Amino acid sequence: MLLAAFAVWFSSVQAANYVQWISSVDAGEIRWWGSTKYTIPLLNSIATWNARGKVNIAPDTATTLEDVTLSDVNLSNVIWNWRWTYSAYFSSPIEFNTYYLDLVSASRKQNTITHEFWHALGLAHSVTNNIMYTTQTSLTALWTQDIADYTYIYGK
Amino acid sequence: MKIILKALGVVSMLAAWVYAGNQLHFFGDAPVRVIHSQYITDLSDDRNLVGASHNVFVGKVVRHVSAEDIWALPANQYEVEVLKNIKWSLTGNVTVEEEGGYRDGFLYVIDDDSAVVDKSGKHSANFLSDGKVYVFATRYNEQANRYTVISHQKWKKQINNLSGNDPRINELKKAYINESPLDVDVKAGRDRNSFKKLDKNQKDAIQAP
C-alpha cells in the first residue's frame with residue numbers, strides 16, 4: 001500500500017516537473033573537459049546556470065575528475081545539433097554538431113548549449129517558450145518551467 | 001587470511017556498486033544508456049519533417065547488414081528494398097542506417113526515437129526489424145552512401161498496408177509540396193531533392209491525385 005502511494009506521488013511529480021533523474025552532477029558540480037569552437041556561448045551558458053547558485057559548472061583541473069567531455073563534430077546526415085550520452089561513473093560526452101551550429105545566430109548557439117547543460121543538470125524536455133523545449137530556438141534566458149524544474153531538483 | 005578474504009569481499013562489493021551505479025536501468029541483460037539531443041527544427045510539423053529529409057520513402061527491411069558507428073556511437077545498417085517514393089526517387093535496394101545499438105555490453109538508445117519508455121519509466125529499444133515495412137524519412141550520408149533515419153519516432157513509422165495507401169503516406173506527400181527545407185541545407189547547397197528544384201513534370205506528377 002505504501003508502495004502504491006509512493007508510485008502515485010511519483011507519477012504526479014513527474015507530470016508537474018520535467019526531470020530525467022539522471023545527471024552529470026557530481027558532489028554539487030559539473031567539471032567539463034575538452035573543447036569547442038563555441039567558447040563565448042559556452043561561457044554565457046555556464047554563467048546562466050551558475051547564477052542559480054546550486055550547482056557549480058567549471059573546467060576540469062588536475063585534482064578533479066571530469067564529468068562531461070566537450071567536442072565538436074560535423075555531421076550533415078543527422079538531425080540533432082548536439083547530443084549528450086549519460087554515464088554515471090565515467091565522463092559523459094557532449095558533442096556539438098558544427099554543420100548546424102556554424103550557420104545559426106549567436107542566440108541560437110547559446111540556446112543550444114544552455115539546453116545541453118540543462119540535460120546534464122538532470123532536466124528533461126519541457127514545454128514551448130522555455131530553454132528546455134525539444135527544438136532549438138533563440139531563447140537565452142531561463143523561463144518559468146525551466147526555473148520550476150531546476151528548483152524542484154536543487155531547491156531555491 | 002581472514003583479513004585478505006574480508007578485503008576481497010569489500011573490493012567485490014565496491015566493484016559491484018560502481019558497476020550497478022553506472023546504469024540507469026536494464027533492457028534484457030544489457031544496461032541502457034540514453035542519448036539525449038536537441039533537434040534543429042520542430043519535427044511535430046510535417047512540413048519541417050519532410051523539409052529536413054533528403055529522401056522519404058516506403059521500404060521493406062530485407063536484412064541487418066552491419067553495426068558501424070556514426071561518429072563514435074553505435075548505429076546499425078540495414079538493406080532495405082524501396083517500395084514507394086514520397087520525396088525523390090530511389091530504386092532497388094539501399095542501405096538505411098539508424099542511430100543506437102549495442103556496444104561493450106551497453107544498449108544505446110536515442111531518447112524520442114529508438115527508446116520506448118513504459119509507464120514505469122523503463123526504456124526499451126525500438127529498432128528496425130527484418131521483414132517489416134516502414135515509412136522512412138532519411139538524410140543522406142555522403143561519405144558512406146547510406147540513408148540515415150532521422151532520429152525521431154515520427155520519422156520511422158511501421159506500416160502494415162503494403163499497397164501504400166496508409167494515410168501517413170498521403171500526409172507526407174502533401175507536406176512535400178509545402179515543405180520547409182532547413183536554412184543550413186539551403187545555404188550549404190545540401191537541400192537535396194527539394195520540391196522547389198523539381199521541374200514542372202515532376203511537380204505535376206507529385207501533385208496528381
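These figures come from a predicted structure and were not determined experimentally. Chain identifiers are assigned alphabetically (A, B, ...) following the order of the sequence lines, protein sequences preceding nucleic acid strands; residue numbering begins at 1 within each chain.
- Options B:L182, B:D183, B:N141 differ in how many heavy-atom pairs under 4.5 Å they form with chain A, and the most are formed by B:N141.
- Test A:N111, A:T134, A:T137, A:T135 against B:Q38 for side chain to side chain donor-acceptor pair (under 3.5 Å) and you get one pass: A:N111.
- Other residues, nucleotides and ligands contribute at most 12 non-hydrogen atoms within 6.0 Å of the CG atom of A:L65.
- A:Y100 and B:D185 form no side-chain donor-acceptor contact under 3.5 Å, judged by distance and modelled atom types alone.
- Within residues 63-73 of chain B, the residues approaching chain A closer than 4.5 Å by heavy atoms are, in numerical order, B:I70, B:W71, B:L73.
- Atom CZ of B:R47 sits in a sparse spot, with 12 or fewer heavy atoms from other residues, nucleotides or ligands closer than 6.0 Å.
- In this structure, the separation between OH on B:Y39 and CH2 on A:W82 is 10.0 Å, given to the nearest 0.5 Å.
- Other residues, nucleotides and ligands contribute at most 12 non-hydrogen atoms within 6.0 Å of the CD1 atom of A:I40.
- Here the side chains of B:I40 and A:W80 are not in contact, with every heavy-atom distance at 4.5 Å or above.
- B:H36 places no side-chain N or O within 3.5 Å of a backbone atom of A:A120 that could act as its donor or acceptor partner.
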message: Could you go through B:V184 and A:Y99, starting from their C-alpha distance and side-chain angles, then the distance that decides it, and tell me whether this counts as side chain to side chain contact (heavy atoms under 4.5 Å, CB included)?
response: CA-CA 8 Å; B:V184 292; A:Y99 177 74; 4.2 Å; yes
- prompt: Passes side chain to side chain contact (heavy atoms under 4.5 Å, CB included), A:Y133 versus B:D42? Steps please.
  reply: CA-CA 10 Å; A:Y133 182 56; B:D42 184 356; 3.6 Å; yes
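- In the model, A:S76 has no side-chain atom that pairs as donor or acceptor with a side-chain atom of B:E142 under 3.5 Å.
- For B:E97, the part lying under 4.5 angstrom from a heavy atom of chain A is the side chain only.
- Taken to the nearest 0.5 Å, the OG atom of B:S37 stands 11.0 Å off from the CD atom of A:E95.
- Residue pairs meeting the salt bridge (Lys or Arg N to Asp or Glu O under 4.0 Å) criterion with at least one partner in residues 111-134 of chain A, sequence neighbours excluded, do not occur; the list is empty.
- The distance from atom CZ of B:R146 to atom CG of A:N77, rounded to the nearest 0.5 Å, is 9.5 Å.
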